[in-house]
Participant: 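Quick one: the structure is below, and I'll ask about it shortly.
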Number of protein chains: 2
Amino acid sequence: MIIVINMSKKPLTARKNCDCRATRRGARREAVLDVLTSGPGHLSAEEIYRAARKRVPKIGIATVYRALRCLCSCGKAAEFIPADGVARYEPAGSRAHHDHLICTSCGSFLEAVDPEIERLQGRLAARHGFRISSHKLEIYGLCAGCAGTGAARGALRRRARIVE
Amino acid sequence: MIIVINMSKKPLTARKNCDCRATRRGARREAVLDVLTSGPGHLSAEEIYRAARKRVPKIGIATVYRALRCLCSCGKAAEFIPADGVARYEPAGSRAHHDHLICTSCGSFLEAVDPEIERLQGRLAARHGFRISSHKLEIYGLCAGCAGTGAARGALRRRARIVE
DNA sequence: GACATATTGATAACGATTATCATTATCACA
DNA sequence: TGTGATAATGATAATCGTTATCAATATGTC
């Protein structure tokens, strides 16, 4: 009997001592990591693909997905999935855990963390005999820029379609 | 000029005085709501579809999705999307807001709420000039039942595939 | 150089969800 | 009680982000 780990789902634990085989056609994976660390952050795979093609024009979208999975599994990148279900990626490892404030008007992502909230989550879990491995806190609303200036109309327009 | 709200995305605000047209072929939507309120909760659309067919055998999956969207938009149901990206639904309206503790071993969902965490989220957002409209807190880990008893192996097995 | 093997790009496949469309049931009204 | 208007339905095609497949290619080892 052979047990094959189903790699279609990302492994939960990070690989140890993985360099994403940087010396073996590594330009691709280094390019993806480079896009992550030099870009604005919170990019989707598609956006990363477009940026990476400027560095490695022949790179394929499949390779980008493979690189992202590899980078995530060895802790160099982190994935998170907001309410629209499209995965977004950010550099990790050297960066601390944080939560996200997501603007429903302009789509911007703010990073924030409140140590007290983190601590209370542990307390909440303990109250239910639950052993935390990770958590995800996403706050949706209007960012400072959009909250004042006709943001509601902007948000509405984004959800409406003009016919004639 | 006619403005058509794009119904392909669920409206953010609940419809007012919507009875989901209960008197107009309402058996379908009532059946879906009935599955939601009588079932174990946190069901996927597919699971709701299978349960609803026991009540209305000829119901189609598209109608289930339509009913869920309608029920969500008028506040009778609530949708949330965990890390696997598959939407899950629960009855709403009479139920208070809560967060989810999701067991990565057995897949069970616990509901919990900590007023202090809720309050601190407001403070965190205010610190960034952010106006909250909603939030999503999901805590992943092992539930009380799985935390002790060989849960790690169970979780691994769920992610593995037996070949021969 | 020759072979084994990891990586790649193109593309097919996948799965959850949504759109389309002809059909059917219900409503308002005569 | 017809009758037309219209909303709801089921079957199914389409969509879209993501993953699997597979032949081709680049790299490492001997």
Side-chain angles (χ1 to χ4, degrees), chain A residues 4-11 15 18-33 43-50 52-53 55-74 77 79-89 159 161 163, chain B residues 4-11 15 18-33 43-50 52-53 55-74 77 79-89 159 161 163:
Chain A
V4 179
I5 299 297
N6 178 9
M7 288 303 290
S8 71
K9 292 297 174 189
K10 201 165 305 177
R15 278 201 252 166
C18 169
D19 60 356
C20 293
R21 299 185 184 274
T23 58
R24 199 180 186 100
R25 289 214 213 177
R28 266 83 176 170
R29 292 183 187 177
E30 278 171 22
V32 169
L33 183 57
L43 297 170
S44 68
E46 176 70 25
E47 291 163 348
I48 293 166
Y49 170 57
R50 284 204 296 271
R53 269 198 301 188
R55 298 159 206 247
V56 184
K58 301 184 63 171
I59 196 172
I61 184 83
T63 297
V64 171
Y65 276 104
R66 278 186 288 242
L68 287 170
R69 185 172 338 155
C70 180
L71 290 167
C72 284
S73 75
C74 63
E79 175 195 73
F80 80 103
I81 303 178
D84 66 0
V86 179
R88 292 186 172 269
Y89 300 87
R159 306 201 55 265
R161 187 161 42 96
V163 178
Chain B
V4 179
I5 299 296
N6 177 8
M7 288 302 290
S8 71
K9 292 297 174 187
K10 201 166 301 179
R15 278 201 253 166
C18 170
D19 61 355
C20 293
R21 300 186 183 273
T23 58
R24 200 182 185 101
R25 288 217 217 174
R28 266 83 178 170
R29 293 184 184 176
E30 278 170 21
V32 168
L33 182 57
L43 296 170
S44 67
E46 176 70 26
E47 291 163 348
I48 293 166
Y49 170 56
R50 284 204 296 271
R53 269 199 302 187
R55 298 160 206 244
V56 184
K58 301 183 66 173
I59 196 171
I61 184 83
T63 297
V64 171
Y65 276 104
R66 279 186 288 242
L68 287 171
R69 180 160 354 143
C70 180
L71 291 167
C72 284
S73 76
C74 63
E79 175 195 72
F80 80 103
I81 303 178
D84 66 0
V86 179
R88 292 185 172 271
Y89 300 87
R159 306 199 54 265
R161 189 160 42 97
V163 178

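Chain identifiers are assigned alphabetically (A, B, ...) following the order of the sequence lines, protein sequences preceding nucleic acid strands; residue numbering begins at 1 within each chain.
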Participant: Atom CG in A/Leu68, atom CZ in A/Arg66: separation rounded to 0.5 Å?
Facilitator: 11.5 Å

Participant: Whole angstrom is fine here: how far is it from CZ in B/Arg28 over to P in D/dA11?
Facilitator: 10 Å

Participant: In whole angstrom, give the distance that lies between atom OH of B/Tyr65 and atom C1' of D/dT15.
Facilitator: 13 Å

Participant: Counting only side-chain heavy atoms from C-beta out, which of D/dT18, C/dG9, C/dT17 sits nearest to A/Val86?
Facilitator: D/dT18

Participant: Between A/Arg69 (CZ) and C/dA6 (P), how many Å, whole number?
Facilitator: 17 Å

Participant: How close or far is atom P of C/dG15 from atom CD1 of B/Ile61, stated in whole angstroms?
Facilitator: 14 Å

Participant: So how far is it from A/Arg29 CZ to A/Arg69 CZ, rounded to the nearest 0.5 Å?
Facilitator: 10.5 Å

Participant: Examine A/Arg53 relative to A/Tyr49 and say whether NZ or CZ is less than 6.0 Å from the centre of the six-membered ring and inside a 45° cone about the ring axis.
Facilitator: yes

Participant: Could you check which of D/dT18, C/dT8, D/dT9 has an atom nearest any side-chain atom of A/Arg66?
Facilitator: C/dT8

Participant: Specify the separation, in whole Å, of atom CD of B/Glu30 and atom C1' of C/dA25.
Facilitator: 15 Å

Participant: Could you tell me how far apart B/Arg29 (CZ) and C/dT26 (P) are, to the nearest whole angstrom?
Facilitator: 14 Å

Participant: Can you identify which nucleotide, out of C/dG9, D/dG10, C/dA16, has its nearest atom closest to the B/Thr63 side chain?
Facilitator: D/dG10

Participant: Can you tell me the distance, in whole Å, between the OH atom of B/Tyr49 and the P atom of D/dT9?
Facilitator: 14 Å

Participant: Quick one: pull up CZ in A/Arg55 and CD in A/Glu30 and give me the separation to the nearest 0.5 Å.
Facilitator: 11.5 Å

Participant: Could you state the atom-to-atom distance from CZ of A/Arg53 to P of C/dT8 in whole Å?
Facilitator: 16 Å

